[in-house]
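Please read these numbers as outputs of a predicted model, since none were measured by experiment. Any value given below was found using the heavy atoms of this structure, including those in side chains, with hydrogens, waters and symmetry copies removed. Each residue takes its place number in the sequence, starting with 1.
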Amino acid sequence: MSLTDRQLNLISKQDAYDGKAEISDGEGLVVRITPQAKIYFDYRCRFNKKSLRIRIGKYPVTSLKEARRKHKLMMELRESGRNPNIAITGELEFITLDDCVAYWLKHYVPQLKAGTQALYRSFAKNYLIGAFPERNVLFVKEDRASQLENGCSG
């Protein structure tokens, strides 16, 4: 059942609340209600094999409409492989493995011998560039990174 503003408004005007501590709006958007009738919007999901609970805001400062907007953005971020917490922190820019490799190829590799440069460029092209497209290097899964290492050494 979807939440309504009327429902939340009635609960928030009470001095005490003894109903369900958590009410779902669907697809991971939940409302947590304390015994003192304080209402918080949270987003619950799994990201990188871990359960996350991200606080969206407190009612009435954050409206139900605004919570649903942030929730939708969080779902889109998670589905694209990005941390849904970005919707709260506002960090829309992040560094990908391709960015790191490009920097390395531009600033470090040119200082090496010609044969080493060719080897490193070939290695980067075959194993690194495109390995984790549009994925923040901070959130590359450990098991995927070890697969990459094993593929390079074997």
Side-chain angles (χ1 to χ4, degrees), residues 1-108 123-154:
M1 182 175 95
S2 289
L3 294 167
T4 63
D5 261 330
R6 183 176 186 275
Q7 217 177 351
L8 297 176
N9 197 17
L10 288 173
I11 293 170
S12 69
K13 290 183 179 181
Q14 298 176 9
D15 291 332
Y17 176 77
D18 62 354
K20 290 170 45 176
E22 190 170 284
I23 303 171
S24 174
D25 192 47
E27 297 183 329
L29 178 61
V30 294
V31 171
R32 294 189 71 185
I33 308 169
T34 68
Q36 295 80 24
K38 292 183 177 26
I39 301 172
Y40 299 94
F41 295 105
D42 289 348
Y43 175 51
R44 290 178 47 188
C45 67
R46 292 192 60 79
F47 182 72
N48 280 351
K49 297 181 183 176
K50 294 180 184 172
S51 293
L52 289 180
R53 179 183 289 270
I54 302 169
R55 176 68 37 95
I56 295 174
K58 182 179 178 184
Y59 184 83
V61 174
T62 302
S63 67
L64 179 58
K65 183 178 180 178
E66 177 66 11
R68 285 178 174 153
R69 187 192 65 74
K70 285 184 180 178
H71 167 254
K72 182 179 178 189
L73 176 60
M74 289 176 163
M75 285 187 355
E76 290 169 358
L77 289 167
R78 186 182 61 85
E79 288 169 6
S80 70
R82 297 173 70 187
N83 189 338
N85 212 6
I86 292 170
I88 299 299
T89 63
E91 297 174 24
L92 296 176
E93 293 299 316
F94 60 90
I95 298 172
T96 65
L97 180 61
D98 288 355
D99 296 333
C100 294
V101 171
Y103 180 86
W104 177 69
L105 288 170
K106 181 178 179 183
H107 296 282
Y108 175 73
F123 180 84
K125 179 183 173 197
N126 292 328
Y127 295 105
L128 299 176
I129 297 173
F132 302 102
E134 298 303 314
R135 181 77 48 99
N136 186 339
V137 291
L138 298 176
F139 299 108
V140 172
K141 297 177 186 176
E142 288 179 34
D143 60 330
R144 181 68 173 99
S146 64
Q147 286 175 359
L148 179 65
E149 288 173 8
N150 294 337
C152 294
S153 62

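Taking NZ of Lys38 as the start and CD of Gln14 as the end, the distance is 13.5 Å to the nearest 0.5 Å. In this structure, OG1 on Thr62 lies 8.5 Å from CD1 on Ile56, to the nearest 0.5 angstrom. The structure places CG of Leu64 at 8.0 Å from OG1 of Thr4, a figure rounded to the nearest 0.5 Å. In this structure, SG in Cys45 is found 5.0 Å from CD1 in Ile54, a value given to the nearest 0.5 Å. A distance of 9.5 Å separates CD1 in Ile39 from NZ in Lys58, rounded to the nearest 0.5 Å. Atom CG of residue Leu52 and atom CG of residue Asp42 lie 11.5 Å apart, to the nearest 0.5 angstrom.
Residues Ser2 and Gln7 come closest through the heavy atom pair O-OE1, 4.0 Å. Minimum interatomic distance between Lys49 and Arg46 (heavy atoms only, all atoms of both residues): O-NH2, 2.9 Å. The two residues Leu128 and Leu97 come nearest to each other via the heavy atoms O-CD2, 3.7 Å.
Between the Asp25 side chain and the Leu3 main chain, a donor and an acceptor come within less than 3.5 Å of each other. The main-chain N or O of Ser63 is never found under 3.5 Å from a side-chain atom of Glu66 such that the two would form a donor-acceptor pair. Side-chain atoms of His71 come within 3.5 Å of backbone N or O of Glu27 as a donor-acceptor pair.
In this structure the side chain of Met75 never reaches within 4.5 angstrom of the side chain of Leu29, judged on heavy atoms.
Classified by interplanar angle (parallel below 30°, tilted 30° to 60°, perpendicular above 60°), the ring pair Tyr108/Trp104 is parallel.
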I'd like to know whether Asn9 forms a side-chain contact (heavy atoms from CB on, under 4.5 Å) with Tyr59, so could you lay out the CA-CA distance, the side-chain angles of the two residues, the decisive distance to 0.1 Å, and finally the verdict. CA-CA 9 Å; Asn9 197 17; Tyr59 184 83; 3.7 Å; yes
Start with the C-alpha gap between Phe41 and Val31, add the side-chain angles, then the distance that decides, and say whether side-chain contact (heavy atoms from CB on, under 4.5 Å) holds. CA-CA 5 Å; Phe41 295 105; Val31 171; 3.7 Å; yes
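More than 12 non-hydrogen atoms from other residues, nucleotides or ligands lie less than 6.0 angstrom from CD of Glu22.
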